[in-house]
Amino acid sequence: MKFVDVKHFTLCAFAALAATVGSHQEADACSRILYVGSDNALRIVGRSLDWKTPIPTNLYVYPRGMHKVGNNLPGSVEWTSKYGAVYAVGYDGGVTEGMNEKGLVINGLFCKGTVYENESTSNRPPMSLAVFVAWLLDNNATTPEVVEVLRKQDFNISGSTFDGGTVSALHWGITDAEGRCAVLEFDHGKVKIYEGQDMPAMTNDPSFPEMNAINDYWQKVGGSNMLPGTVKSPDRFVRGAYFDEHVAKTDDADLGLAIIRSILGNISVPYLYTVESEPNVSSTQWRSYANLRDGLYYFDIVTNPGIFYIDLNKCDLRPGAPVMKLDTSVSRNYIGDVTGKLVKSTPFQPMY
């Protein structure tokens, strides 16, 4: 696997916390696995979102040709979208992840060690975390294009807190339809980019190189003999990487979905599971599965009895088409293709 460390690339910190916030709340949360089929064309990115309380997450489909801004501050980044995309939007205020019509997927996962701040970027155009993923999906078709954009350093990351004062400390997994991947991590204002082909696993902290060192140890132990079994981030990474390597490979999308669902189930945190000594352990709230080959975006809410999906091939992504929304609060009985249940909507209001 090839790793590239981008040097001297900096981003600024979040906006100041609200005055009522007394302390940061951190959580060990989220897993991402990439399944590659036998034909080297089927790729499904599965991710779980783990959090201590439910995060209402609705699905939006945005067409091409929409003018957008990266923040409500003067001089913010502006763009007109080149590609249509489906976004998973938390609290109807921030894009957690998404997939565009070219098969590019970006997943945001928590990473407690993240620090965005660096004084050298303070005068760069503002960009909010609420629309950061959308900006990248709107304007890029491949992972190398995203990496090139990030290397330009011409934006300044900021974002609001949520859920009673939690700081959105994130890192991102990026995957395109050809399996080119990147993990982006923020280290005291410096972005480190690790690139590779079909990078199989990603969880939270420690840093990606440290996580791979832990995984190397367990590969020598041999997963058929023993695997770490807790819900901590390194253990989930090791189990996910092991099973992803050893499951059967297929070019059948339905079978591939079943396989990656079983892997994500193995590394998810049971719903309402708590550990007295680990107050930041978080239950899995939902899982998503992005089929990059076929343009299908699946959503699996753990309190729902079924899984449903949006088919981007059936969506009107032409410039001038309306924004469409799926309200997941009424999705309990949804199973299968729910593209026809999307309704016209105003754009979500970013939590800048």
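Keep in mind that the numbers below use all heavy atoms, side chains included, and drop hydrogens, waters and symmetry copies. Residue indices begin at 1 and follow the sequence shown.
The CG atom of Leu342 sits 11.5 Å away from the CG atom of Asp316 when rounded to the nearest 0.5 Å.
Nearest heavy atom pair, residue Pro206 against residue Met211, reads CD-CE, 3.7 Å. For the pair Asp187 and Lys192, the tightest heavy-atom approach, listed with the atom from each and the gap, is OD2-NZ, 3.2 Å. Between Ala130 and Pro350, the shortest heavy-atom distance links the atoms CB-CB, 4.0 Å. Nearest heavy atom pair, residue Tyr62 against residue Val323, reads CE1-CG1, 3.6 Å.
In this structure, Leu73 shares a hydrophobic cluster with no other residue, the cluster being traced through Ile, Leu, Val, Met, Phe, Trp and Tyr side chains under 4.5 angstrom apart. Residue Val302 belongs to a hydrophobic cluster whose other members are Tyr271, Leu272, with links defined by side-chain heavy atoms closer than 4.5 Å.
Between the side chains of Thr250 and Asp252, no donor-acceptor pair is found at a separation under 3.5 Å. Side-chain polar atoms of Asn215 and Asn212 form no donor-acceptor pair below 3.5 angstrom. Using modelled atom types and a 3.5 Å distance limit, the side chains of Asp205 and Ser233 yield no donor-acceptor pair. In this model, a donor atom of one side chain and an acceptor atom of the other lie less than 3.5 Å apart for Arg32 and Thr175. Defined by atom type and a distance below 3.5 Å, a donor-acceptor pair is present between the side-chain atoms of Glu97 and Ser288. The closest side-chain donor-acceptor pair between Trp286 and Thr57 falls under 3.5 angstrom.
Here Asp154 does not pair with Arg124 in a salt bridge; the nearest charged N to carboxylate O distance is not below 4.0 Å. With salt bridges taken as basic N to acidic carboxylate O contacts below 4.0 Å, none links Arg43 and Glu178. In summary, Asp176 and Lys102 do not engage in a salt bridge, as defined by a charged side-chain N under 4.0 Å from a carboxylate O.
For the side-chain contact (heavy atoms from CB on, under 4.5 Å) test, residues two or more places apart in sequence or in another chain that qualify with His246 are Tyr242. The side-chain contact (heavy atoms from CB on, under 4.5 Å) search around Ser81 returns Met66, Asp138, not counting sequence neighbours. Scored by the salt bridge (Lys or Arg N to Asp or Glu O under 4.0 Å) test, Asp251 finds no partners at all (sequence neighbours excluded). When the salt bridge (Lys or Arg N to Asp or Glu O under 4.0 Å) test is applied to Glu148, no partner is found at least two apart in sequence or on another chain.
Other residues, nucleotides and ligands contribute at most 12 non-hydrogen atoms within 6.0 Å of the NZ atom of Lys341. Remark: Asn123 CG is loosely packed, at most 12 non-hydrogen atoms of other residues, nucleotides or ligands lying under 6.0 Å away.
A donor-acceptor contact shorter than 3.5 Å links the side chain of Asn304 to the backbone of Ser331. Gln285 contributes a side-chain N or O that, together with a main-chain N or O of Trp51, makes up a donor-acceptor pair within less than 3.5 Å. Checking side-chain atoms of Asp216 against main-chain N and O of Gln219 turns up no donor-acceptor pair under 3.5 Å. The main-chain N or O of Arg287 is never found under 3.5 Å from a side-chain atom of Arg261 such that the two would form a donor-acceptor pair.
The shortest side-chain heavy-atom distance between Met127 and Asn71 does not fall under the 4.5 Å cut-off. For the pair Met324/Lys344, a side-chain contact is recorded, criterion being any heavy-atom separation below 4.5 Å from C-beta on.
Taking the six-membered ring where the residue is Trp, the centroids of Phe308 and Tyr298 are separated by 6.0 Å or more. Here the two rings, on Tyr309 and Tyr297, have centers that are 6.0 Å apart or farther.
The cluster map of Ile, Leu, Val, Met, Phe, Trp and Tyr, joined by side-chain heavy atoms under 4.5 Å apart, puts Leu257 and Ile335 in different clusters. Residues Ile301 and Leu59 share a hydrophobic cluster, clusters being chains of Ile/Leu/Val/Met/Phe/Trp/Tyr side chains in contact below 4.5 Å.
Aromatic ring orientation, Phe208 versus Phe237: perpendicular (interplanar angle above 60°, classes split at 30° and 60°).
Applying the side chain to side chain contact (heavy atoms under 4.5 Å, CB included) test between Arg47 and each of Ile33, Leu34, Asn107 identifies Asn107 as the sole match.
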